[in-house]
Amino acid sequence: YRLLFLPRMESMLHNRTTSRDVQSLKLSQLFLSVPDYFIYSGIFIIMLILTAIYLISRKDVRRQLVLYSNMPFIGRYFKEVITSQLSRELGNLLLHGFSLQEALTILQTQRHQKFVALIAEDLLVQVKNGEILSVAVSRNDFLLKRFEQFVVHGEHSGMLGRELLI
């Protein structure tokens, strides 16, 4: 339409030359260029996001964790994913007979989930200092606040591993 019809209409209107027709042609050209602006702005936003992800990935793990968890809209989802991964892995290890300190040490030393390893390291330090897991979880800013309720319920019932898998 833009390549064939509009140029032909433009040449026909220039032959007839009335100001109203020329204005309507200019308005049509403006409306036809709107999708281009959407495409260009979409490409720009995608490039901006990819650049931000690249720059964040070059930072250390703790800084990445802080940046991702504080991002608007993404931060909530990120905390849910991290909490779910930690809960599932820790619950499985506890159900298979590992003590809490052993399970946190295993999670700390694994290299597949670097954010889970960092949070497990923070939790392990607090647990070794004599804190119960629910207190250590409540002090961690990278986990969802409601996760502490699951941990407290599991500690009181004696079924922490199963509670973490729920």
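All residue numbers refer to positions in the sequence shown, counting from 1.
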- Item | Side chains of S87 and F147 in contact at under 4.5 Å (non-hydrogen atoms) |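 The answer is yes; the side chains approach within 4.5 Å.
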
Shared hydrophobic cluster, [X] / [Y] (ILVMFWY, side-chain heavy atoms < 4.5 Å):
| X | Y | result |
| --- | --- | --- |
| Y54 | I46 | no |
| L67 | V61 | yes |
| Y77 | I56 | no |
| L164 | M159 | no |

- Taking all non-hydrogen atoms of both residues into account, name the closest pair between A103 and L94 and its distance.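 Result for this residue pair: CB-CD2, 4.2 Å.
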
- Contact summary for F78 and S69, nearest pair of heavy atoms: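 The answer is CD2-N, 3.9 Å.
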
Does [X] use its side chain to pair, donor to acceptor, with the backbone of [Y] at less than 3.5 Å?
| X | Y | answer |
| --- | --- | --- |
| T109 | I106 | yes |
| H153 | Q149 | no |
| E102 | S99 | yes |
| S138 | V135 | yes |
| Q110 | Q113 | yes |

Mind checking the [atom1]-[atom2] spacing from [X] to [Y]? Nearest 0.5 Å is all I need.
| X | Y | atom1 | atom2 | value |
| --- | --- | --- | --- | --- |
| I82 | K79 | CD1 | NZ | 11.5 Å |
| F98 | L107 | CZ | CG | 10.0 Å |
| L165 | L95 | CG | CG | 5.0 Å |
| L104 | L100 | CG | CG | 4.5 Å |
| L90 | L160 | CG | CG | 6.5 Å |

Between side-chain atoms of residues 114-134 and protein atoms elsewhere (two or more places apart, or another chain), which donor-acceptor pairs fall under 3.5 Å?
residue, atom, partner, partner atom, Å
K114, NZ, Q64, OE1, 3.3
D122, OD1, R62, NH2, 3.0
D122, OD2, R62, NH1, 3.2
N129, ND2, V125, O, 3.2
S134, OG, E155, OE1, 3.0

Throw together a table of side-chain donor-acceptor distances under 3.5 angstrom for residues 139-146, partners on residues two or more places apart or in other chains.
residue, atom, partner, partner atom, Å
N140, OD1, F142, N, 2.8

